[in-house]
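Lettering follows sequence order; numbering is per chain, from 1. Computed from a predicted model, the values in this text were never measured in an experiment.
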2 protein chains.
Amino acid sequence: MNHPDTSPQTGTDAGLAAVLRMAVGRLARRLRAQRPDSSLSLGQGSVLFTLARHGQPMTPGALADHEKVQPPSMTRIVAALEARGLVRRMRHPEDGRQQLVEITEEGTRLVNSDHQRREAWLTQRLTELSPEEKDVLRRAAEIMDRLSQS
Amino acid sequence: MNHPDTSPQTGTDAGLAAVLRMAVGRLARRLRAQRPDSSLSLGQGSVLFTLARHGQPMTPGALADHEKVQPPSMTRIVAALEARGLVRRMRHPEDGRQQLVEITEEGTRLVNSDHQRREAWLTQRLTELSPEEKDVLRRAAEIMDRLSQS
DNA sequence: TATTGTTATACTCTATAACTATA
DNA sequence: TATAGTTATAGAGTATAACAATA
């Protein structure tokens, strides 16, 4: 318990919204600050992970939609990943307007690298949580993703 | 279920860290995009809510620490809130170097305003979740705040 | 000297609008 | 014309470094 928890009622949907908004904002700031200089930005990491998970090349447009950014932002993210050799771009075989973004060997290695991930601040913090707490976070992450897409 | 969930193993701490990082990042972006122009920024809202919850004036330094931003950032946030009449600044009675930031009547009204909060995008989305899902989010918010502070 | 907060400045990430290429 | 992506530009939001005031 952090606070006397006085004024705003947190039992309502609006109260939960306020609390969740703050928690998400603060954790996002903390993650940004904690990220080592050498690592990817939040958006870059998310795109790389999505490509690895999806298992197939995706168009920049589909990535922008999935990550909840506008197309120009995805252009920059993909360009940054490409410059680091983590993804490659190919022409779409059927539609010349589109491109396909594919994760490279090196990108896959980075995503799967235990080293890269074990050294992350968040992973360390998670090891200190109970299995129940981790399960709550796992389920919450799934719900938050659904909220983001809706 | 969103994906075939292939490549990165999400059962490990590192896997959970990756999934949580993405979920937090995406929801933070979505919240930023969805926020109506008239409303406060994420940081401003969070500070105002914190002051209301705390129930007592806080120094800018304490707020910066709590919100996980650096002091200069808090200077800007407090200045913005003050310009809108939502907080006021007072000299610290004992230490002339410090200040005290206090929420105003109008600030309290804004935080507690059902109207302000019911019209928010996130609140609407939350009403569509089951009680169990909302409970997961409520508990996750508490855990995420603890992570942010650690 | 050490600490609190501010000012000056720059960087990162994002967005909107205008443009190019293809359908 | 409509669509996919890029370029140009601007606006948040944040940080570090240097400074002023007080302890």
Side-chain angles (χ1 to χ4, degrees), chain A residues 21-22 24-47 57-84 87-101 148, chain B residues 21-22 24-47 57-84 87-101 148:
Chain A
R21 191 196 315 275
M22 288 201 303
V24 165
R26 282 205 278 257
L27 188 51
R29 281 195 292 274
R30 186 66 142 100
L31 287 170
R32 211 184 355 240
Q34 207 64 35
R35 161 168 40 99
D37 278 355
S38 63
S39 105
L40 303 171
S41 78
L42 255 51
Q44 289 168 20
S46 194
V47 165
M58 294 174 70
T59 66
L63 284 169
D65 186 59
H66 188 263
E67 298 298 324
K68 296 301 159 199
V69 297
Q70 293 301 308
S73 303
M74 189 49 63
T75 294
R76 288 194 52 168
I77 292 175
V78 169
L81 291 173
E82 191 179 32
R84 292 183 56 167
V87 304
R88 81 175 64 86
R89 274 187 279 202
M90 310 173 303
R91 294 194 315 284
H92 191 109
E94 286 146 22
D95 188 335
R97 297 171 303 182
Q98 299 187 52
Q99 298 193 344
L100 286 174
V101 182
S148 300
Chain B
R21 190 196 315 274
M22 288 200 304
V24 165
R26 282 204 278 256
L27 188 51
R29 282 195 292 273
R30 186 69 142 99
L31 287 170
R32 213 184 354 239
Q34 206 65 34
R35 160 167 41 98
D37 279 354
S38 63
S39 105
L40 303 170
S41 79
L42 254 53
Q44 289 168 20
S46 193
V47 165
M58 294 172 71
T59 68
L63 285 169
D65 186 59
H66 188 263
E67 297 298 323
K68 296 302 159 197
V69 298
Q70 293 301 307
S73 303
M74 189 50 64
T75 294
R76 288 192 50 169
I77 292 175
V78 169
L81 290 173
E82 191 179 33
R84 292 182 57 166
V87 305
R88 81 174 63 86
R89 272 187 281 201
M90 310 173 304
R91 293 196 316 285
H92 190 109
E94 287 145 20
D95 187 334
R97 296 170 303 182
Q98 298 187 54
Q99 298 193 343
L100 286 174
V101 182
S148 299

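DNA chain C is contacted by both A:Gly96 and A:Gln70; A:Gln70 maps to the nucleotide lying nearer its 5′ end (nearest heavy atom per residue).
Among residues two or more places apart in sequence or in another chain, the salt bridge (Lys or Arg N to Asp or Glu O under 4.0 Å) test is passed with A:Arg32 by none. Partners of A:Gln70 by side-chain hydrogen bond (donor to acceptor under 3.5 Å, both in side chains), not counting sequence neighbours: none found. Partners of B:Arg91 under the side-chain hydrogen bond (donor to acceptor under 3.5 Å, both in side chains) rule, at least two apart in sequence or in another chain, do not exist in this structure. Partners of B:Arg76 by side-chain hydrogen bond (donor to acceptor under 3.5 Å, both in side chains), not counting sequence neighbours: none found. Contacts of B:Gln98 classified as side-chain hydrogen bond (donor to acceptor under 3.5 Å, both in side chains), with partners at least two apart in sequence or in another chain: B:Asp95.
Across the protein-nucleic acid pair, B:Asp65 atom CG and C:dT3 atom C1' stand 15 Å apart, rounded to whole Å.
Heavy atoms of B:Arg91 sit nowhere under 4.0 angstrom from any nucleic acid atom.
Atoms NZ and OG, from B:Lys68 and B:Ser73 in turn, are 13.5 Å apart once rounded to the nearest 0.5 Å.
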Check the interface with nucleotides 4-6 of chain C: list each N/O to N/O pair with the protein under 3.5 Å, or write none.
{"unit_1": "C:dG5", "atom_1": "OP1", "unit_2": "B:Gln99", "atom_2": "N", "d": "3.4"}
{"unit_1": "C:dG5", "atom_1": "OP2", "unit_2": "B:Gly61", "atom_2": "N", "d": "2.9"}
{"unit_1": "C:dT6", "atom_1": "OP1", "unit_2": "B:Arg89", "atom_2": "NH1", "d": "2.7"}
{"unit_1": "C:dT6", "atom_1": "OP2", "unit_2": "B:Thr75", "atom_2": "OG1", "d": "2.6"}

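Counting distance only, with no hydrogens placed and no angle test, the side-chain atoms of B:Arg32 and the base atoms of C:dT14 include no donor-acceptor pair under 3.5 Å.
For A:Ser41 and C:dT12, the shortest distance from a side-chain N or O to OP1 or OP2 is not below 4.0 Å. Look at A:Arg29 and you'll find a side-chain N or O under 4.0 angstrom from OP1 or OP2 of D:dT14.
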